[in-house]
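The structure's right below; bear with me while I get my questions together.
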Amino acid sequence: MMNAYEGRATLRRKWVLLAVVVVLLIGAGPVGAADILHDTVDKVFLEQRLKGLIGKTGLDPFDPVSPLAEARVLDIERGGRGEYDAALIRFIYEDGRSRDVRVWLSHPYRLRPGWQYTGLDRYNTPHEALPGLLLDSPDAPVRLGTPRRLDHADPVFTGVAGFDSSPPGGVDRLIWSPQGDAVIVSQGIPHEIRLVLLPVDGGEPLTLPGGAVTLPEWTADGSGIVYARYDGGPDPVLTMVDRAGTVVWREVGGEVHGYAPVPDGVLIVRSGALWHIPVGATGDVTARRLIDLPAGWSSGVIAPDPSGNRLAYTCGSDLCLFDRSTSWSQRVELPYPEPGIVRDPDGTWRPPSRGRAHVLNLKLRIAWSPDGQRVALVQSDQNARPLLLLFDRDGSLVQRIPLGPDGWVVDPQWTPDSELLFLQTYPANGRRLVVVDADSGVVYDLSQPGWHASGSLSPAGDRLIVTGWEPALWVVPFERQ
């Protein structure tokens, strides 16, 4: 309860602020006065929003250990046509450390003064459970430890424009090496992808040769990276580079529709057939044709099992399995996606609708378990309810597991014992770190308040590398219980 003295002091501060504003407006002229008025209004409203963040810890923009003690608005930066405004804010922590960050400000329909949305608003949203995801469950088989910021990764984000870029920090995907000692950070959009190799536990990041148009894949032994890139010609060329960024080989036999590293080299798909580039290839190479793929192949995903012999791939709207050592094959019909679960304005979730979803861009992602006995396939679309399907190695359905209300899901990742799957999901316009028990089918939400993180599980299954809405990378222990 405010006493009389505090009330008078607050009133005096308001009058002083008003007097300062009036003096500035008189001396600035009409145009300058409007800018000063807008900046003053924006700072006042932004400072009110920031009050809700004081005392919190989390992944970002807060330190994971020391609470946020103070947040000061240093400047308001006006964006040009088609650009967001931004605020420069100094975050000061209870242990005395501080750092300055840029946060975007959004005006509804560009009307001023005042804005309605900022890059920090999501940190004040409730940390709540979503349909189909068990949040903060004591039965979860995994807990997340204390994050460690990778300060040596900061050069990866040079030129990224502060909080709430989309995707976060400009990062589209984080791809671990098989040894778990490095990740490839994929930034940008298709046809403009920037790839950076980052040693996780220290060392300088290395920008790989440019022109990438596909996400990279590590070779089976982790010595090289394979991706398609423009290399001076009219069409992209499948290329392998080593860890120093030196080109090892270029596949010059024609257009490549899909590819996957295997223990004996790299498999590629061209014109519905399977081709092979052996280990040890150098220079300009042409893949050797192996066999036509049964039931053809549709642009999407091809995933080999750990032996490299049994393949799972998309054929039309179905899943196809093929063993290149025995020529055995199987085609599995996939279900049509169901509509996503919708939230009403009063905050309640409607029961799942029957029928088919209005799919705009259905994504399929496939991953074999490390023991080679199960195949995980994820269907997702922004308008559909994501679905995890687990098959045995011969194509029989083992589990059908919904993954939250709606949104995209990226590549499923197995733990080394083939018992759990880690999935990065994007439900309800947010981000959730999810773990699925492959035997029980129970889905656990490991997300923490204020994180809004995207992550990737290490091959050893003991840590995540994540990025949040701040351009930065963090390592988080992935602790089995």
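Computation of the quantities below employed the complete heavy-atom set of this structure, encompassing side-chain atoms and omitting hydrogens, waters and symmetry-equivalent molecules.
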> Would you find a donor on one side and an acceptor on the other, under 3.5 Å apart, between the side chain of Thr239 and the backbone of Val237?
Replying inline: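 Present.
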
> Can you list the residues that meet the side chain to side chain donor-acceptor pair (under 3.5 Å) rule with Thr57, with sequence neighbours excluded?
Replying inline: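 Here no residue qualifies.
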
>> For Ala472, is there any backbone N or O sitting under 3.5 Å from a side-chain donor or acceptor partner on Thr467?
In response: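 Yes, the answer is positive, given that a donor and an acceptor are paired below the 3.5 Å cut-off.
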
>> Could you walk me through whether Thr425 and Trp408 satisfy the side chain to side chain contact (heavy atoms under 4.5 Å, CB included) test, starting with their C-alpha distance in whole Å, then the side-chain angles of each, then the deciding distance to 0.1 Å, before giving a yes or no?
In response: CA-CA 6 Å; Thr425 67; Trp408 307 109; over 6 Å; no

> Who pairs with Val443 by side-chain contact (heavy atoms from CB on, under 4.5 Å), at least two apart in sequence or on another chain?
Replying inline: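 Listed in chain order: Leu133, Ile401, Leu403, Val434, Val436.
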
> With sequence neighbours excluded, what pairs up with Glu251 under the side chain to side chain donor-acceptor pair (under 3.5 Å) test?
Replying inline: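 With neighbours one apart ignored, the set is Arg270.
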
>> For the backbone of Leu215 and the side chain of Ser186, can you confirm whether one donor and one acceptor N or O come within less than 3.5 Å of each other?
In response: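 Checking the backbone N and O of Leu215 against the side chain of Ser186, no donor-acceptor pair under 3.5 Å is found.
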
>> List the residues meeting salt bridge (charged side-chain N to carboxylate O under 4.0 Å, His left out) with Asp346, not counting sequence neighbours, and say none if there are none.
In response: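 Checked Asp346 against salt bridge (charged side-chain N to carboxylate O under 4.0 Å, His left out); zero matches.
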
>> The test is side chain to side chain contact (heavy atoms under 4.5 Å, CB included); show your working for Tyr227 and Val241 and say whether it passes.
In response: CA-CA 9 Å; Tyr227 57 101; Val241 302; 4.0 Å; yes

> Who are the salt bridge (charged side-chain N to carboxylate O under 4.0 Å, His left out) partners of Arg97, not counting sequence neighbours?
Replying inline: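 Per chain and number, Arg97 pairs via salt bridge (charged side-chain N to carboxylate O under 4.0 Å, His left out) with Asp63, Asp95.
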
> Going through the distances and angles, do Arg250 and Asp231 end up as a salt bridge (Lys or Arg N to Asp or Glu O under 4.0 Å)?
Replying inline: CA-CA 9 Å; Arg250 302 163 65 250; Asp231 190 18; 2.7 Å; yes

> Can you tell me if Tyr426 and Arg432 form a side-chain donor-acceptor pair at under 3.5 Å?
Replying inline: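 Short answer, no.
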
> So do Val196 and Leu206 actually touch side chain to side chain, heavy atoms under 4.5 Å?
Replying inline: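 Counting from C-beta outward, Leu206 and Val196 never come under 4.5 Å.
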
>> Quick test of your reading: applying salt bridge (charged side-chain N to carboxylate O under 4.0 Å, His left out), list the pairs with at least one residue in residues 198-210, sequence neighbours left out, ordered by first then second residue.
In response: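 Every pair satisfying salt bridge (charged side-chain N to carboxylate O under 4.0 Å, His left out) with a residue in residues 198-210: Arg148-Asp201, Asp201-Arg463.
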
>> Just to verify, what does Arg149 make a salt bridge (charged side-chain N to carboxylate O under 4.0 Å, His left out) with, not counting sequence neighbours?
In response: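 Arg149 satisfies salt bridge (charged side-chain N to carboxylate O under 4.0 Å, His left out) with Asp151, Asp154, Glu470 only.
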
Side-chain donor/acceptor pairs under 3.5 Å, residues 359-368, sequence neighbours excluded:
from	atom 1	to	atom 2	distance (Å)
Arg365	NE	Asp411	OD1	3.3
Trp368	NE1	Ala303	O	3.0

>> I'd like to check Val442 versus Leu134 (side-chain heavy atoms, cut-off strictly below 4.5 Å). Are they in contact?
In response: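 Result yes, sub-4.5 Å side-chain heavy-atom pair found.
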
>> One pair to check against side chain to side chain contact (heavy atoms under 4.5 Å, CB included): Ile225 and Leu197. What are the steps and the verdict?
In response: CA-CA 10 Å; Ile225 303 104; Leu197 191 155; 3.8 Å; yes

> Where do Leu473 and Ala153 come nearest, in terms of heavy atoms and distance?
Replying inline: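 Smallest heavy-atom distance, with atoms named: CD1-CB, 3.9 Å.
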
> Is Glu338 salt-bridged to Arg400, going by a charged N under 4.0 Å from an acidic O?
Replying inline: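 Salt bridge: yes.
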
>> Give me the atom names and distance for the closest heavy-atom approach of Pro405 to Pro386.
In response: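 It is C-CD, 4.2 Å.
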
> Are the side chain of Arg350 and the backbone of Arg343 linked by a donor-acceptor contact shorter than 3.5 Å?
Replying inline: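 Answer holds: no.
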
> Residues in salt bridge (charged side-chain N to carboxylate O under 4.0 Å, His left out) with Glu217, at least two apart?
Replying inline: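 Result, salt bridge (charged side-chain N to carboxylate O under 4.0 Å, His left out) vs Glu217: none returned.
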
Mind listing the side-chain donor-acceptor pairs of residues 135-146 below 3.5 Å, one per line with the distance, residues two or more places apart or on another chain?
from	atom 1	to	atom 2	distance (Å)
Ser137	OG	Asp139	N	3.1
Arg143	NH1	Glu479	OE1	2.3

>> Strictly distance-based, threshold 3.5 Å: is any side-chain N or O of Asp344 a donor or acceptor partner for the main-chain N or O of Gly347?
In response: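 Answer holds: no.
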
> Which heavy-atom pair separates Ala69 from Ile54 by the least distance, and what is that distance?
Replying inline: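 Minimum heavy-atom separation between Ala69 and Ile54: O-CG2, 3.6 Å.
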
>> Quick check on side chain to side chain contact (heavy atoms under 4.5 Å, CB included): which of Val185, Val156, Val183 does Pro205 satisfy it with?
In response: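 Exactly one pass, corresponding to Val156.
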
>> To check you understand the geometry: which heavy-atom pair defines the closest contact between Ile76 and Val73, and what is its length?
In response: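 Scanning both residues, the minimum pair turns out to be CD1-CG1, 4.1 Å.
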
>> Could you go through Val409 and Gln424, starting from their C-alpha distance and side-chain angles, then the distance that decides it, and tell me whether this counts as side chain to side chain contact (heavy atoms under 4.5 Å, CB included)?
In response: CA-CA 6 Å; Val409 178; Gln424 175 63 57; over 6 Å; no

> Quick one: side chain to side chain donor-acceptor pair (under 3.5 Å) partners of Thr207, sequence neighbours excluded?
Replying inline: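 Expected list: none.
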
> Below 4.0 angstrom, N of the basic side chain to O of the carboxylate: do Glu70 and Arg72 qualify?
Replying inline: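 Result for this pair is yes, salt bridge flagged.
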
>> Test your reading of the model: is there a side-chain donor-acceptor pair from Asp242 to the backbone of Thr246, 3.5 Å cut-off?
In response: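 Yes, Asp242 side chain to Thr246 backbone: donor-acceptor pair under 3.5 Å.
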
>> List the residues meeting side chain to side chain donor-acceptor pair (under 3.5 Å) with Gln413, not counting sequence neighbours, and say none if there are none.
In response: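 Scan of Gln413 (side chain to side chain donor-acceptor pair (under 3.5 Å), adjacent residues dropped) gives Ser456.
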
